[in-house]
Amino acid sequence: MIIKPRIRGFICTTAHPTGCAANVRQQIDYVQQQAPPESGPPINNALVLGCSGGYGLASRIVAGFGCGAATLGVSFEKSPSAKKTATAGWYNNVAFEEEAAAAGLYAKTLDGDAFSDAMKERVIETIKADMGQIDLLIYSLASPVRQHPRTGELHRSVIKPLGEALHMKSVNVDRGEVLEVDLEPADADEIAATVAVMGGEDWEFWIDALKEAGVLAPGFRTLAYTYIGTDLTWPIYWEGTLGKAKEDLDRAAAAITTELADLGGEARVAVLKAVVTQAMSAIPVVPLYASLLFKAMKERGVHEDPIAHIFRMYATQLCSAEPMRLDDVGRIRMDDLEMTDDVQDDVRQRWEQVTTDNLGSLGDLSGFREDFLKIFGFGFAGVDYEADLDPTLGRGD
Ligand code: NAD
């Protein structure tokens with residue numbers, strides 16, 4: 001099969017296996033070119049939930065190739081068939097495992113629903129059999145649905161404002177069109193459902209189960225990722241349904257830290273910068289903000305992609321002898337470069353002026369599109385995109 005990108009709205013329904021492998025390799029190369037993070041508590045065995053793409057994949061790559069950790073990953077991806085490619089995350093997992101094996105690093109990936117009790121049991125069995133205990137858990141799931149393991153109820157998250165209807169600038173990335181979107185406010189059930197999917201309860205369920213099974217090492221640490229942004233995106237993000245869910249992570253972090261006291265462990269929420277991922281592309285308004293932000297940050301030489309951002313988090317926060325850079329709620333602030341007044345004032349000016357006609361010069365739409373295609377393995381130098389490939393890599397059905 002000759003594999004080309006097939007874009008439908010904010011997703012690409014095909015993925016390129018060799019390109020995904022190049023994506024993983026490029027991130028490993030980046031990490032190997034940096035001085036390894038070497039102070040602070042060691043990271044020997046890491047569990048990454050949501051390991052197959054975006055920030056979770058970057059977190060796994062830094063844990064493995066930066067810290068030399070054994071990594072167990074969990075993700076929910078679609079395997080390939082002879083006629084249909086797998087999802088990008090499936091190819092990323094294969095590539096990561098092959099790279100890890102070649103480097104002599106333990107890596108196993110479990111595919112399935114991380115919200116389920118069954119997956120928690122599989123993970124515990126695997127840790128007991130292969131690792132003994134883990135000292136780090138990265139919680140990097142981004143999902144639109146969660147079947148609650150106790151009630152069986154299927155919760156669907158929504159991306160909506162609270163209180164009042166929203167009328168805001170957005171962008172159709174595919175067509176390069178700046179447009180206005182209208183979003184109705186969420187009702188109470190929708191808010192609760194979004195908190196049930198993207199809030200902290202499942203993170204707590206994971207820690208409860210792992211602790212109960214005795215697989216958390218003394219000094220165990222866990223991180224969940226959040227985004228806060230500024231007034232430009234607050235109406236759709238931090239002050240909307242997603243923000244309510246993310247606020248619940250702050251509650252969960254405090255509860256988990258209390259639960260981990262006897263192990264000398266802690267849970268923290270890490271606030272990360274806006275980058276292009278599958279999850280992020282699905283949020284209205286944010287891609288417009290991101291393309292203006294990328295331009296402003298690139299002009300100042302402070303732009304980071306997921307791997308550079310996560311490497312900096314490990315090097316300066318998790319694996320550093322220096323105290324962590326925390327805000328007043330105890331969150332790790334990695335969004336410092338995005339949040340400077342200089343960058344935000346610039347983005348605000350661009351935001352006021354941006355139209356379809358000047359988007360190409362005021363924003364970095366081409367950079368956004370390139371990053372988007374790369375998620376699916378397209379656009380890597382050295383990859384033969386005319387090659388006739390077996391999408392199953394000899395492994396699928
Ligand atoms: P992503 O779409 O790239 O990755 C999501 C991961 O979750 C994938 O590995 C996917 O397989 C996995 N997943 C989804 N549902 C699952 C399930 N039921 N069981 C197992 N695995 C499942 O997303 P991302 O943007 O990297 O988001 C990760 C976290 O980072 C989220 O909490 C997000 O809010 C946060 N974050 C993202 C940004 C950004 O700009 N992308 C910024 C700050 C914080």
Side-chain angles (χ1 to χ4, degrees), residues 10-12 15 20 23 47-61 73-79 86-93 96 109-120 122-123 138-149 154-157 159 194 196-200 202-203 205-206 223-229 233 237-238 241-243 245-249 252 269-283 285-287 289-291 293-294 304-307 309-310 313 331-335 338-339 368 371-372 374-376:
F10 50 78
I11 62 157
C12 178
C20 288
N23 185 8
L47 169 62
V48 181
L49 304 175
C51 66
S52 61
Y55 276 134
L57 175 61
S59 303
R60 187 179 198 187
I61 289 173
V74 176
S75 61
F76 209 2
E77 297 296 336
K78 283 209 179 77
S79 53
T87 49
W90 192 90
Y91 293 127
N92 291 340
N93 289 337
F96 181 87
T109 311
L110 301 178
D111 197 56
D113 183 7
F115 297 130
S116 68
D117 287 340
M119 179 55 83
K120 293 177 176 73
R122 281 175 71 195
V123 164
I138 299 289
Y139 191 90
S140 188
L141 299 177
S143 171
V145 289
R146 172 181 174 221
Q147 176 152 35
H148 197 284
L154 191 68
H155 298 286
R156 284 183 194 283
S157 65
I159 304 173
T194 309
V197 179
M198 288 296 285
D202 180 60
W203 188 21
F205 282 1
W206 270 101
L223 291 188
Y225 295 152
T226 197
Y227 181 71
I228 295 183
T233 53
Y237 199 98
W238 189 248
T241 47
L242 281 175
K246 293 300 191 183
E247 230 176 80
D248 191 56
L249 288 180
V269 170
V271 188
L272 305 183
K273 86 179 275 279
V275 293
V276 185
T277 63
Q278 289 192 55
M280 179 270 219
S281 308
I283 306 174
V285 179
V286 173
Y289 166 80
S291 64
L293 175 77
F294 293 176
E304 292 171 315
D305 60 7
I307 194 70
H309 194 59
I310 292 295
M313 183 184 78
R331 307 182 194 103
I332 300 173
R333 296 307 292 245
M334 290 308 302
D335 58 345
E338 174 178 346
M339 289 300 136
F368 187 101
D371 287 357
F372 180 77
K374 282 185 170 172
I375 296 172
F376 303 94

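Here the structure is a predicted model, which means the values were calculated and not measured. Just follow the structure's listing: the first ligand is 1, and inside any ligand the first atom is 1.
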| request: Please step through side-chain hydrogen bond (donor to acceptor under 3.5 Å, both in side chains) for the pair Y91 and N23, ending with a clear verdict. | output: CA-CA 10 Å; Y91 293 127; N23 185 8; over 6 Å; no
| request: Mind telling me whether H155 and H148 have parallel, tilted or perpendicular rings, with 30° and 60° as the class edges? | output: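 It falls in the perpendicular class, over 60°.
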Rounded to the nearest 0.5 Å, how far apart are [atom1] of [X] and [atom2] of [Y]?
X	Y	atom1	atom2	value
D113	R146	CG	CZ	9.0 Å
I228	R333	CD1	CZ	4.0 Å
N92	T87	CG	OG1	8.5 Å

| field | Within the 4.0 Å heavy-atom sphere of ligand 1, strictly under, residues | value |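 Heavy-atom contacts below 4.0 Å: G50, C51, S52, G53, G54, Y55, S75, F76, E77, G112, D113, A114, F115, S140, L141, A142, S143, Y225, T226, Y227, Y237, K246, L272, K273, A274, V275, T277, Q278, A279, M280.
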| request: Please report the closest heavy-atom contact between V275 and Y55, naming both atoms and the distance. | output: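 For V275 versus Y55, the nearest heavy atoms are CG1-OH, 3.2 Å.
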